[in-house]
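Heads up, the thing below is written out as structure tokens.
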Amino acid sequence: MVYITYHSGMTSVTSSSRPVDEAASPETSSGPSVVYRDDRSHVFHSWSAQAALDPVVVAGASGSRFWDESGRSWLDFSSQLVNVNIGHQHPKLVAAIKAQADKLCTIAPIHANDARSEAARLIAELAPGDLNKVFFTSGGTEALEYAVRMARGHTGRNKVLTTYRSYHGSTGGSITMTGDPRRWGSEPGFPGMVKFWGPYPYRSAFHAADDAEECARALEHLAQVLMVEGSHTVAAIVLETVVGTNGILVPPDGYLQGVRALCDEHGIIMVADEVMAGFGRCGEWFAVDHWGVTPDLIAFAKGINSGYVPLGGVIISERVAESFATRPFPGGLTYSGHPLACASAVASIGIFKEEGIVEHAKHLGDDIIGPALAEMAERHPSVGDVRGLGVFWAVELVRNQESREPLVPYNASGEANTPMAEFAGACKERGLWPFTHFNRTHVVPPLTTTDDEMREGLAIIDEALAIADRYAG
Ligand SMILES: Cc1ncc(COP(=O)(O)O)c(C=O)c1O
């Protein structure tokens, strides 16, 4: 994960385009600002050893940049937590939230409301196949919890299959479904959640030589897991369509179609977790659109409204929704379909269409990011693999291109993570906020990043890779 952590040894950065917020409380010569002191005294941060934190005090943001209270700015190559797809402070999105606040801030989920109705219709119109109904949540983890509850209610089965190298959220069910170290602190977790290996051609669990072999073997493995688990006990297979934080693992062609076929064969609900990969990130409205696959349920959040107001949800097929036509769905949230959040979703979808943001994301991936990273891979001994699509790319760093030994060990921290920490520090010094995870840096800026900003950011990554190269041979 990337966290907003400022290493005080960092050189300050200046930028000609830097807007300075006069109202922000500045760092003074007498020490840290009141914002910083209150944070360190009273704010308990996610996923972190609290004493070790040294957060940047973010004073403002615009488009693809954000800046601190002293005016240092960074090109945001993380989109924060890969959620600010539309860029920071899009004026039309801000205006829509203000307008909705004047009209109706909140209303219980039992009532109908114009913002909620329109958001649901727009999302259903974009979704593939017969995914025509939307249950709104406040974020991604709840979307996964509810998708699983729907699958269980629909099938009358309990078991849920998810992959290693995945993240599905941090609440009870979602953290149990998660296939990365963030799960470890919450184990043993919930019963009935089983892991299998998804495709990852660069580090194949199946000793596959190419994408086609990886696809065939990964599907064979899943079929065997279903056999030994008892396919009739499995309610859902939950997959990140393109695995996000765990490596931008783009499935080989045919894999998702194969999973769809296995689900159909065994009466299992296919859940696509598109919390990170959806809403334009992969250069399509939904990542499944790349492969023409229609899951039974899509979990979304993040890019739906770029996190301007917390929002997530599940897009539901007619067949699954039908299960709850005459019997009540056993679940709900006070803030399900919150008007401020839904109004921002309506506005965001409108802006995406007006500004051609999904098309721009595809252009950035096809014409700028992909070619630039491929070219860097030729020159840098530390680059083992580059992969991705749209504005969703990973650069996987290694000590040796032949052995593929990762630049830092799996889940490294402290001393063992030094090469990655130095790489990230070099990016920040040069005015770029990177998204680093394990031995990778991801290229995941807002989808609205201009061609020039993209080239500027990629040039900084190119320079910073010289640091990683020192550890590679
Ligand atoms: C693929 C995926 N699923 C679920 C989640 C959980 O979303 P949230 O943090 O909004 O609960 C995330 C968050 O990063 C994610 O990347």
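Computed from a prediction, not measured in an experiment: that's the story for all the values here. First listed ligand is number 1; within each ligand, the first listed atom is number 1.
- Under the 3.5 Å distance criterion, with hydrogens and angles disregarded, no donor-acceptor pair is assigned to the side chains of Arg217 and Ser204.
- For Gln50, the side-chain contact (heavy atoms from CB on, under 4.5 Å) partners at least two apart in sequence or on another chain are Phe44, His45, Ser48, Leu53.
- Distances below 4.0 Å separate heavy atoms of Glu240 from the following atoms of ligand 1: 1 (C).
- A donor atom on one side chain and an acceptor atom on the other are found under 3.5 Å apart for Ser323 and His154.
- Only one option out of Arg281, His88, Lys302, His442 pairs with Ser79 in a side chain to side chain donor-acceptor pair (under 3.5 Å); it is Arg281.
- Under a 4.0 angstrom heavy-atom cut-off, Asp273 registers as being in contact with ligand 1.
- Near Gly140, the atoms of ligand 1 lying under 4.0 angstrom from a non-hydrogen atom of the residue are 6 (C), 7 (O), 8 (P), 10 (O), 11 (O).
- With ligand atoms numbered from 1 in the order given, ligand 1 contributes 12 (C), 13 (C), 14 (O), 16 (O) to contacts under 4.0 Å with heavy atoms of Lys302.
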Under 3.5 Å, sequence neighbours excluded: what are the donor-acceptor pairs made by side chains of residues 219-226?
{"unit_1": "Glu220", "atom_1": "OE2", "unit_2": "Gln224", "atom_2": "NE2", "d": "2.9"}
{"unit_1": "His221", "atom_1": "NE2", "unit_2": "Trp197", "atom_2": "N", "d": "2.9"}

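- Nearest-residue assignment for atom 5 (C) of ligand 1 (options Val82, Val275, Leu81; heavy-atom criterion): Val275.
- Closest to atom 6 (C) of ligand 1 by heavy atom, among Thr141, Asn246, Thr241, is Thr141.
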